[in-house]
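As structure tokens, the structure follows; a few thoughts come after it.
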Amino acid sequence: VSSHDRNVIKEQGGVCWHFARYYYDQARSIGLSATLPLIEMNETGLHMNAIISDNDEYCVMDQIEKPSCYKVFMEEKNE
């Protein structure tokens with residue numbers, strides 16, 4: 001996140017893209033996987049959040065909600 005983006009969040013509250021990019025950059029800086037899905041909203045335009053994951057769980061980070069985290073259960077393959 002550029003210093004401009006951090007200042008926008010700090011001074012103006014930012015928009016969804018500023019927060020999503022901040023969460024994404026912070027996750028990547030500590031070695032987590034992250035993605036920035038862009039969601040097309042019917043009448044209100046677009047929305048972006050961040051999905052951050054490790055090997056065991058993933059969390060949806062959104063500036064308008066508390067994080068939602070989910071455990072990943074993978075079946076082991078018997079060969």
Side-chain angles (χ1 to χ4, degrees):
V1 173
S2 71
S3 61
H4 170 74
D5 289 338
R6 284 193 299 273
N7 287 338
V8 169
I9 292 171
K10 183 179 175 182
E11 296 170 9
Q12 300 173 18
V15 295
C16 61
W17 183 90
H18 294 108
F19 284 88
R21 188 65 199 205
Y22 176 79
Y23 299 143
Y24 174 90
D25 289 343
Q26 293 301 306
R28 300 291 295 213
S29 75
I30 60 170
L32 297 174
S33 297
T35 187
L36 295 170
L38 186 60
I39 303 162
E40 190 171 337
M41 309 298 280
N42 287 339
E43 297 175 13
T44 59
L46 301 172
H47 183 66
M48 182 181 283
N49 60 23
I51 299 175
I52 299 168
S53 63
D54 63 10
N55 291 332
D56 299 316
E57 64 186 328
Y58 67 95
C59 297
V60 178
M61 305 291 290
D62 196 314
Q63 91 277 15
I64 60 173
E65 296 287 335
K66 291 181 181 178
S68 299
C69 297
Y70 306 92
K71 198 83 164 149
V72 176
F73 295 98
M74 303 290 277
E75 287 188 34
E76 291 187 27
K77 293 183 180 180
N78 292 326
E79 295 182 27

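Computed from a predicted structure; not experimentally measured. All heavy atoms count here, side chains included; hydrogens, waters and symmetry mates do not.
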If you look at every heavy atom in A20 and A50, which pair is closest and at what distance?
O-CB, 3.7 Å
Joint hydrophobic cluster, M41 plus I51, side-chain heavy atoms closer than 4.5 Å:
no
How far does OG of S29 sit from OH of Y24, to the nearest 0.5 angstrom?
11.5 Å
Partners passing ring pair (Phe, Tyr, Trp, His ring centres under 6.0 Å) against F19 (at least two apart in sequence or in another chain)
none
Nearest 0.5 Å, please: how far is SG in C16 from CG in L36?
10.5 Å
Under 4.5 Å between side-chain heavy atoms, counting indirect links through other Ile/Leu/Val/Met/Phe/Trp/Tyr residues: same cluster for I39 and L46 or not?
no
Any side-chain heavy atom of N49 sitting closer than 4.5 Å to one from P37?
yes
Gap between atom OH of Y23 and atom CE of M48 - 0.5 Å precision:
13.5 Å
Does D25 reach the main-chain N or O of R28 with its side chain, forming a donor-acceptor pair under 3.5 Å?
no
Apply side-chain contact (heavy atoms from CB on, under 4.5 Å) to residues D62 and H47 and explain how you reach the verdict.
CA-CA 10 Å; D62 196 314; H47 183 66; 2.8 Å; yes
Could you grab the distance from atom CD of E57 to atom CD1 of I52, nearest 0.5 Å is fine?
11.0 Å
